[in-house]
Amino acid sequence: MADETPIPKPRSNFIRDIIDEHLRTGRFATVHTRFPPEPNGYLHIGHAKSIHLNFGLARDYKGLCNLRMDDTNPETESMEYANAIKEDVRWLGFDWDDREYYASDYYQQLYDWAVVLIRKGVAYVCDLTVDQVREYRGTVNKAGRPSPYRDRSVEENLDLFARMRAGEFPDGSKTLRAKIDMASPNMLLRDPLMYRIRREHHYRTGDAWCIYPTYDWAHGQSDSIEGVTHSICTLEFEVHRPLYDWYLDQLGVHHPQQIEFARLNLSHTVLSKRRLLELVEGGLVSGWDDPRMPTISGFRRRGFTPEAIANFADVIGVAKDNSIVDLPLLEMCVREHLNRTAPRVMAVLRPLKVVITNYPEDRVEEFDCVNNPENAAAGSRQVPFARELWIERDDFMENPPSKFYRLSPGKEVRLRYAYFIKCDEVVKDAAGNIVELRCTYDPATRGGDNPPDGRKVKATLHWVSARHAIDAEVRLYGTLFTVRDPASVAEGIDWKATLNPKSLEVVKDAKLEPALASAVPESRWQFERMGYFCADRRNSKPRALVFNRTVTLRDEWTRLVSSGRENK
RNA sequence: UGGGGCGUAGCCAAGCGGUAAGGCAACGGACUUUGGCUCCGUCAUCCGGAGGUUCGAAUCCUCCCGCCCCAGCCA
């Protein structure tokens, strides 16, 4: 990682309590976890929570955490996704050494274990169709009925299963099912499927298999094979735990403890791979790493840091109630880290020309500007100043409310590190648009210092010398959705209807101070008074700079205006 | 209406029978050459509700209410 952020002290949570108890009683001697993504999409901030939980537990308990691709469904998985996942986990700062595992590497072992269950008489080949299986399963209020194939002999099951694997039967014509209890109140225990026939090319095993294990049959056994002690997953798998335990007990193998926690929900966005995929495939965003996406790669491109995400994962905690974390908490984590690390620089996003009428036309001065007031070691730089400048359009108002203490006719403000200036004249075009401000400066305020007469100003503005400015494209982002919880819009309304039409605003002619010419892709800066910005890692080029606004600075003025108190 | 979970402030979240941590947000104020940062202060007489046990309950018991998950050959 870029700097030496101390690892936050582990805070107590119910999972640590369980682990402490296991260690105390000797149920387990060590802690071995795993992060098990399915390579069918990109990782998002919810996965980051899980990654920090699993790798963090391993780190704090001096144990191990594996990376395992939970790849049991060839239809949606790909190497592209697996590679993207690995890159994201690494970027977050974690390392799995040589423990890069794939459920698909366990296919043979899983097959052999299925044979063991058949021999025990607790698994059978079923010829029911999809619809029949559904019908026989019953409902939550009605017990299911046994499949007519439930009592086939061990020999017949062995033969049929071998032939399923050999490719003798068409896709979907047969399944291998565990023989448990068709009347169980837990639907998962009504003879769950272990294998389905699916002639689908797998991104790793190719065409070696035409039968694929289901999640329930693969997951616990994979955990067991890897020596995992604590198999941490999200709440929706809580009802699967009895099945997880059943398979392991039947096999009599190493038996990890499954523990469920609440997945992360973040306000004003969606956090499900299905929905994110829909945004990507529908062209509603530019891709998985669109800076508006809540994906790890999107946040990375936006300018978020691994340290900020780590801190976020820590402060949100781990519990069992479904909740939605407010986006401002994540933004606070980002600002907190960037405030300490991002160099300050001046950039004008929406330029308004200022001419200092009493400043010589050919004169150029250089002012010493602090790179980061939070870090003396960051030093300073020289910024050129001349007669014609750019200032932020929002920093001038012809008829300002009482609390506006930036520039207006007749008022004086400080240009950061430069001089006090006073606005003498407002120049407008034929249409009445303000096109230029004519001001005068006070030589006694050189460097931005207060003059000997004790005069003070209430505002300090950032600026860029017009003839020294470099141009850049700046992308300003808002929330992707306009509502707090897009996934729960009213019945009949498309969740995508709540997309924020103003989630992206592209500013083409921003004016930057010369120092930014050397900004390398993915470098992060604070544009003073505007926010934190990151040179786009895909599109920013040396003479065609592109910056993404990571997050704005906290802004008292905007708060006053939005709450109608700018005149009070 | 079967089963499995969960309900502590606007949002997260500690708390595990001894009298409601912390963070975010918000609101005051100090400081300020970023209306940034930092600092100080305010913010649950109360823990979904009602009973009960106890000297004492957010914590234990009973009943009720609300929300989430399970009827994919997805994970």
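Model, not experiment: these values are computed from the prediction.
For the C1' atoms, the distance from B/rA21 to B/rA58 is 14 Å, rounded to whole Å.
B/rG72 adopts a syn glycosidic conformation, its chi angle falling within 90° of 0.
Rounding to whole angstrom units, CG of residue A/N13 and P of B/rC6 are separated by 14 Å. Summarising the geometry, the separation between CG on A/L560 and C1' on B/rC27 is reported as 12 Å, rounded to the nearest angstrom. Atom CG of A/L276 and atom C1' of B/rC74 are 16 Å apart (whole Å). Distance, A/Y215 OH to B/rC70 P: 13 Å, rounded to whole Å. Distance, A/D449 CG to B/rU32 P: 14 Å, rounded to whole Å. As a whole-Å value, the separation of A/D321 CG from B/rG5 P is 15 Å. Between A/K320 atom NZ and B/rA13 atom P there is a gap of 13 Å when expressed in whole angstrom units. If you take NZ of A/K49 and P of B/rC12, they are 11 Å apart, rounded to a whole angstrom.
Residue A/N73 has its side chain nearest to B/rA75 when only B/rC12, B/rA75, B/rG2 are considered. Residue A/R484 places its side chain closer to B/rC12 than to any other of B/rG15, B/rC74, B/rC12. Minimum atom distance to the side chain of A/R196 is reached by B/rC74, of the listed B/rC74, B/rG4, B/rC27. Nearest to the side-chain atoms of A/E556 among the listed nucleotides B/rG36, B/rA75, B/rU34 stands B/rG36. When distances run from any side-chain atom of A/N322 to the nucleotides B/rC68, B/rA71, B/rA13, the shortest one goes to B/rC68. Closest to the side chain of A/P373, out of B/rU34, B/rC73, B/rC12, is B/rU34.
Residues A/F312 and A/K49 have side chains not in contact (no heavy-atom distance under 4.5 Å, counting atoms from C-beta outward).
Here A/K458 lies out of heavy-atom contact (under 4.0 Å) with every strand. Heavy atoms of A/Y212 sit nowhere under 4.0 angstrom from any nucleic acid atom. Among the atoms of the strands shown, none is found under 4.0 Å from any heavy atom of A/H219. Within the 4.0 angstrom heavy-atom criterion, only backbone atoms of the sugar-phosphate kind lie near A/L188; the bases stay farther away.
Using a 4.0 Å cut-off, no side-chain N or O of A/T558 falls inside it from OP1 or OP2 of B/rG35.
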Q) Given the rule in the ring pair (Phe, Tyr, Trp, His ring centres under 6.0 Å) test, do A/Y195 and A/F161 qualify, once you have shown the distances and angles that lead to the verdict? A) CA-CA 10 Å; A/Y195 279 97; A/F161 186 49; 5.4 Å; yes

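The pair A/D105-A/R204 counts as a salt bridge, with a side-chain nitrogen and a carboxylate oxygen less than 4.0 angstrom apart.
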